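Step one of this worksheet: look at the structure below.
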Amino acid sequence: MNIEKLLQLKAVASLETLYGPVDASQVQLQKTRREFEGDLTLVVFPFLKASRKGPEQTAEEVGRHLASNNPEIKSYNVIKGFLNISFRESFWAGQLDAIAADPDFGRQPATGLTVMVEYSSPNTNKPLHLGHIRNNLLGCSVAHILDAVGHRVIKANLVNDRGIHICKSMLAWQKFGGGETPASSGMKGDHLVGKYYVAFDKAYKAEIKELTAAGIPEDEAGKEAPMMKQAQEMLRLWEAKDPEIYGLWETMNGWVYEGFDKTYKALGVSFDKIYYESQTYLLGKEIVEEGLAKGVFFRKDDGSVWIDLTDDGLDQKLLLRSDGTSVYMTQDLGTAYQRFTEYHLDDMTYVVGNEQNYHFQVLRLILKKLGHDWADHICHLSYGMVELPEGKMKSREGTVVDADDLVAEMVRTARDMSAELGKLDGCTPEEADAVSQMVGLGALKYFILKVDPKKTMLFDPKESIDFNGNTGPFIQYTHARIKSVLRKAAEAGIAVGDRVAANYSLLPKEVELIKLLADYPGVVIAAAAEHSPALVANYVYELVKEYNQYYHDHSILREGDPGVREARLLLSAQVARIVADGMALLGISVPERM
RNA sequence: GGUCCGGUAGCUCAGUUGGAUAGAGCAUCAGAUUUCUAAUCUGACGGUCACAGGUUCGAGUCCUGUCCGGAUCACCA
């Protein structure tokens with residue numbers, strides 16, 4: 001049981017003895033602020049009515065009662081309506097021993113629930129960029145966190161492999177490609193296909209310009225331009241499974257997948273299940289029938305199917321086009337239904353940017369109106385955009401930050417910086433590669449994950465490659481330093497020990513660190529509940545910062561008393577362990593040395 | 001225009017059921033290493049928590065209004 005819970009029960013007992021029945025939810029305990037002495041603080045304001053006394057006097061009475069009935073409480077002090085309670089050092093030593101002895105510390109027992117996390121979900125017409133990186137890192141981390149709290153997690157990717165966008169790349173490749181392939185050009189497949197997507201856009205724009213010059217209105221020119229007409233014709237041929245077009249589609253998508261696989265591997269993300277929209281885009285039509293039968297949907301004269309959500313403060317939403325084909329919403333209704341039935345999901349989380357908030361609001365509402373109660377278990381992890389110092393990323397203006405370029409850049413910077421600091425001296429080339437990779441990626445991932453997902457974040461290329469302060473490398477470095485001490489201890493034949501010696505009274509800083517360690521499981525639980533890796537990131541930073549101060553002020557191996565030395569080694573080892581564990585939840589590796 | 005999200009130090013961000021004097025990092029300045037990794041640590045500087053009301057013992061946090069920024073409201077996905 002965690003310490004706050006424990007003390008809460010004791011506080012309720014004391015309060016009831018003194019003043020009669022109390023509402024346990026009124027008993028709020030918080031960490032004592034640094035400037036005061038104490039571990040946990042009870043706010044007594046809510047109980048003044050029951051005690052019929054002033055705040056100081058009430059706090060004093062409760063404190064006296066708690067201290068005299070609970071031997072693990074060392075002391076208490078009262079400031080205004082705040083009762084600050086301190087536990088004995090031996091109590092905290094026992095907490096550290098318990099953490100060290102628990103191999104599953106930070107993990108919750110299996111819940112028996114199955115949850116799916118869908119993330120990444122790229123289009124197959126261009127390479128991944130910075131926005132996708134945030135998506136992938138969030139999805140991957142949330143999956144780890146949900147796993148840590150005991151759920152069975154299925155990581156899913158829904159690849160948008162069909163539609164007019166891929167036809168545009170295909171058409172441009174046919175026209176201008178001259179048979180170019182990844183092998184012949186040496187280009188990564190996704191980048192090659194992306195190049196032709198850009199080529200399409202350029203040719204298309206040129207045509208529009210020509211048409212408008214000839215006096216045709218711009219919106220009409222957009223529809224009439226030959227490039228667009230041909231792309232649409234290509235989509236029709238694809239849907240009719242025309243052998244040539246279908247073959248080209250398979251080939252070019254294959255190039256893209258090879259490219260994506262490399263990017264995913266570099267980022268360290270993976271999936272358990274990959275859906276392809278070409279195989280799911282027809283789903284959802286039964287749901288349309290169901291909705292019509294139940295009178296939830298209605299058909300307009302032209303044959304299109306709609307739902308009227310104006311009573312819910314929204315608009316009318318199209319569910320089936322007049323030609324009978326489905327739209328995005330139709331498919332999503334279908335895939336949601338399929339997944340919940342196929343996997344018996346207890347929860348479904350979509351990692352999708354906040355520009356689709358409306359879509360998911362409508363999705364949930366429609367499913368509810370159809371009577372599917374599991375709609376309540378659909379969660380949209382809506383994350384904010386990544387902006388650059390010069391504003392939003394715009395592919396048109398060439399301000400998109402490419403994922404592969406960015407990762408390579410980070411790793412290269414990590415290597416340069418490591419070399420400059422002499423950190424790579426005596427490393428084999430393989431070790432140097434591994435450390436550079438770990439540090440460069442750590443910097444990137446931490447930079448992105450430390451920010452609250454729902455907030456728009458700014459990505460400054462210059463600042464993100466900072467490796468000091470609240471950064472991934474700062475945390476990785478602390479881990480490496482602890483590991484170094486542990487190695488030296490082992491070389492000197494000094495045992496780490498598995499418990500704090502009974503006669504050793506912990507230093508205040510050591511108590512602070514143990515308190516932080518004890519917080520870890522609660523942080524993971526909160527991160528899971530809120531789908532926020534940022535909570536874990538900020539926690540790990542706080543732990544590391546605290547440890548660095550401790551490390552600076554107190555020597556470990558030079559300590560003469562074996563009992564003290566063992567306690568410090570034990571504490572350090574546990575800090576390293578939790579740092580590594582927390583970083584793993586973020587998808588970040590930590591090095592043994594750097 | 002409707003709906004949703006955001007606004008905290010020069011910059012990037014924390015601040016979790018409303019609690020004590022609002023915190024970090026970066027940047028700037030000043031310091032610390034005969035000793036376990038200085039990618040570290042210490043100190044200084046820096047704030048009308050967008051603005052105005054309200055709720056109460058107490059509001060960055062909850063409510064209302066205003067201002068500013070963003071997203072969205074497609075027979076695109």
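Only a predicted model underlies this, so the values are computations on that prediction, with no experimental measurement involved. Quick note on labels: first sequence line is chain A, next is B, and so on, each numbered from 1.
Applying the side chain to side chain contact (heavy atoms under 4.5 Å, CB included) rule to A:Asp23 yields the partners A:Ser25, A:Gln26; only residues at least two apart in sequence or on another chain are considered. Taking the salt bridge (Lys or Arg N to Asp or Glu O under 4.0 Å) definition, one finds that A:Arg487 meets it with nothing, sequence neighbours left out. Residues satisfying the side chain to side chain donor-acceptor pair (under 3.5 Å) test with A:Lys368, not counting sequence neighbours, are A:Asp376. A:Ser304 meets the side chain to side chain donor-acceptor pair (under 3.5 Å) test with A:Asp302, A:Trp306; sequence neighbours excluded. Residues satisfying the salt bridge (Lys or Arg N to Asp or Glu O under 4.0 Å) criterion with A:Asp190, sequence neighbours excluded, are A:Lys188. Under the ring pair (Phe, Tyr, Trp, His ring centres under 6.0 Å) criterion, A:His132 pairs with A:His129, sequence neighbours left out. Shown here are the ring pair (Phe, Tyr, Trp, His ring centres under 6.0 Å) partners of A:His552, two or more places apart in sequence or in another chain: there are none.
With ring centers used as reference points, A:Tyr550 lies under 6.0 Å from A:Tyr547. The aromatic ring centres of A:Tyr541 and A:Phe474 sit less than 6.0 Å apart.
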field: Letter per nucleotide, 5' to 3', of nucleotides 29-39 of chain B [B base touched, S only sugar-phosphate touched, - untouched; heavy atoms, 4.0 Å]
entry: ------BBBSB

query: Can you give one letter per nucleotide of nucleotides 17-23 of chain B, 5' to 3': B if a protein heavy atom sits under 4.0 Å from the base, S if only from the sugar-phosphate, - if neither?
result: B-BBS-S

All N/O contacts under 3.5 Å from nucleotides 74-76 of chain B to the protein, with atom names and distances to one decimal?
unit_1, atom_1, unit_2, atom_2, d
B:C75, O3', A:Arg321, NE, 3.4
B:C75, O2, A:Ser322, N, 3.4
B:C75, O2, A:Ser322, OG, 3.4
B:C75, N3, A:Ser322, OG, 3.0
B:C75, N4, A:Asp302, OD2, 2.1
B:C76, OP2, A:Arg321, NE, 2.8
B:C76, OP2, A:Arg321, NH2, 2.6

Detail all sub-3.5 Å separations between protein N/O atoms and N/O atoms belonging to nucleotides 4-9 of chain B.
unit_1, atom_1, unit_2, atom_2, d
B:G7, OP1, A:Lys455, NZ, 3.4

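Helical stems in RNA chain B, defined as runs of 3 or more consecutive Watson-Crick or G-U wobble pairs with donor-acceptor distances under 3.5 Å: B:1-7 with B:67-73, B:10-13 with B:23-26, B:28-32 with B:40-44, B:50-54 with B:62-66.
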